[in-house]
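The structure appears right after this line, and notes come after that.
Numbers here are sequence positions counted from 1. Counting convention: from 1, in listed order, for ligands and their atoms alike. From a predicted model like this one, the values you see are computed outputs, not experimental measurements.
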Amino acid sequence: MKPILSPSILTADFTRLGDTIQIINKSSADWIHLDIMDGVYVPNISFGFPVIESIKKIAAKPLDVHLMIEDADRYINRFRDAGADILTVHYEACVHLQRTLANIRALGMKAGVALNPHTPVMLLKNLLRYTDMVLIMTVNPGFGGQTFVEESWSKIAEMRRMIDESGYDILIQVDGGVDLSNAVKLVETGVNVLVAGNTVFGSPDPAATIEKFVKLF
Ligand code: DX5
Ligand code: ZN
């Protein structure tokens, strides 16, 4: 089945953020992936509410917001107000994850859980009822342009089996090192949502690269 494509703007040219969003608006991409980093949970700081609010004003596609932050509970309503449509928190950064996911849904957003490369998918077994999307990190979070972690393949397949057996309608997203050479195999393994940052915005023609992704399917 045709996957959802969610370009990450992390490695785009931030002096031309409006142009970047317009490229995605006019493209065949489905969502806009925004990476929020707090400098504590991950060793990098990206951008926050004012930038998300500005993007929301011109975005023609849903905002897929990936939180790499500690204490996400404090900010869930602010991300909703800033314009998030899908809000993903990290398993490793949430002490009361069931409550966090329920709160995200209660505020009208889709609830996502991200797993770092070392975190087994089995840990989500008792949370599937509260989850709209599982983000399997295929790199360690914090930076764009890293190398895909090969152990991810079996995690994706295992997650796919677990979701199918549960009967819940849950998307699998992958993020990190996704490119034109592994995208088809990822989808065949069970992925529904492809995030691509460096492959798109590190290329000379991001709009053309997005269309190359879409034409693979
Ligand atoms: C990494 C971020 C990713 C990143 C993906 O921490 O969550 O969304 O932008 O980057 P690429 O596609 O460049 O590996
Ligand atoms: Zn991300």
Any nitrogen or oxygen of [X], side chain or backbone, less than 3.5 Å from one on ligand 1?
X	result
Met37	no
Gly142	yes
Asn140	no

Which ligand 1 atoms are under 4.0 Å away from a heavy-atom of [X]?
X	value
His33	8 (O)
Gly176	14 (O)
His66	7 (O)
Asn198	11 (P), 12 (O), 13 (O)
Met68	6 (O), 7 (O)
Pro141	6 (O)

Which residue holds the protein heavy atom closest to [atom], what is that atom called, and what is the gap in Å?
atom	answer
atom 3 (C) of ligand 1	Asp175 OD1, 2.9 Å
atom 10 (O) of ligand 1	Gly144 CA, 3.6 Å
atom 9 (O) of ligand 1	Ser8 OG, 2.9 Å
atom 14 (O) of ligand 1	Gly177 N, 2.8 Å
atom 1 (C) of ligand 1	Phe143 O, 3.4 Å
atom 12 (O) of ligand 1	Gly197 N, 2.8 Å

Regarding [X] and [Y], do their side chains bring together a donor and an acceptor under 3.5 Å, going by distance alone?
X	Y	value
Ser27	Glu211	no
Asn192	Arg160	yes
Thr138	Ser152	no
His66	Asp64	no

Minimum-distance N/O/S atom that [X] presents toward the Zn ion (ligand 2):
X	value
Asp35	OD1
His66	ND1
Asp175	OD2

Fill in: Closest to atom 7 (O) of ligand 1 (judged by heavy-atom distance), picking from Thr11, Thr199, Asp35
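Looking at heavy atoms only, the winner is Asp35.
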Worksheet item: So do the side chains of Ile136 and Gln173 get within less than 4.5 Å of each other, counting heavy atoms only?
Response: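 Side-chain contact under 4.5 Å: no.
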Worksheet entry | 4.5 Å side-chain heavy-atom contact, Leu194 and Ile4 |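 Contact flag for Leu194/Ile4 side chains = no.
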Fill in: side-chain contact (heavy atoms from CB on, under 4.5 Å) evaluation trace for Leu180 with Lys215
CA-CA 10 Å; Leu180 292 161; Lys215 285 201 185 89; over 6 Å; no
Discussion item. Less than 4.0 angstrom from a charged side-chain N to a carboxylate O is my criterion; do Lys61 and Asp85 meet it?
Written reply: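 No salt bridge links Lys61 with Asp85.
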Fill in: Lys/Arg N to Asp/Glu carboxylate O, Asp81 vs Lys56, below 4.0 Å
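Here Asp81 does not pair with Lys56 in a salt bridge, since their nearest N and O are not under 4.0 Å apart.
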Discussion item. I'd like to know if the side chain of Lys110 and the backbone of Thr88 have a donor-acceptor N/O pair within less than 3.5 Å.
Written reply: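 Not a single qualifying donor-acceptor pair exists.
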Discussion item. For the backbone of Gly177 and the side chain of Asn182, can you confirm whether one donor and one acceptor N or O come within less than 3.5 Å of each other?
Written reply: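 Looks like yes, one N/O pair under 3.5 Å.
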Item to complete: Kindly give the heavy-atom pair with the smallest separation between Phe148 and Gly176, and that separation in Å.
Response: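 What the structure gives for the nearest pair is CD1-O, 3.6 Å.
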Discussion item. Please classify the Leu10 to ligand 1 contact at 4.0 Å (heavy-atom distances, strictly less than): side chain, backbone, both or neither.
Written reply: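 The side chain, only.
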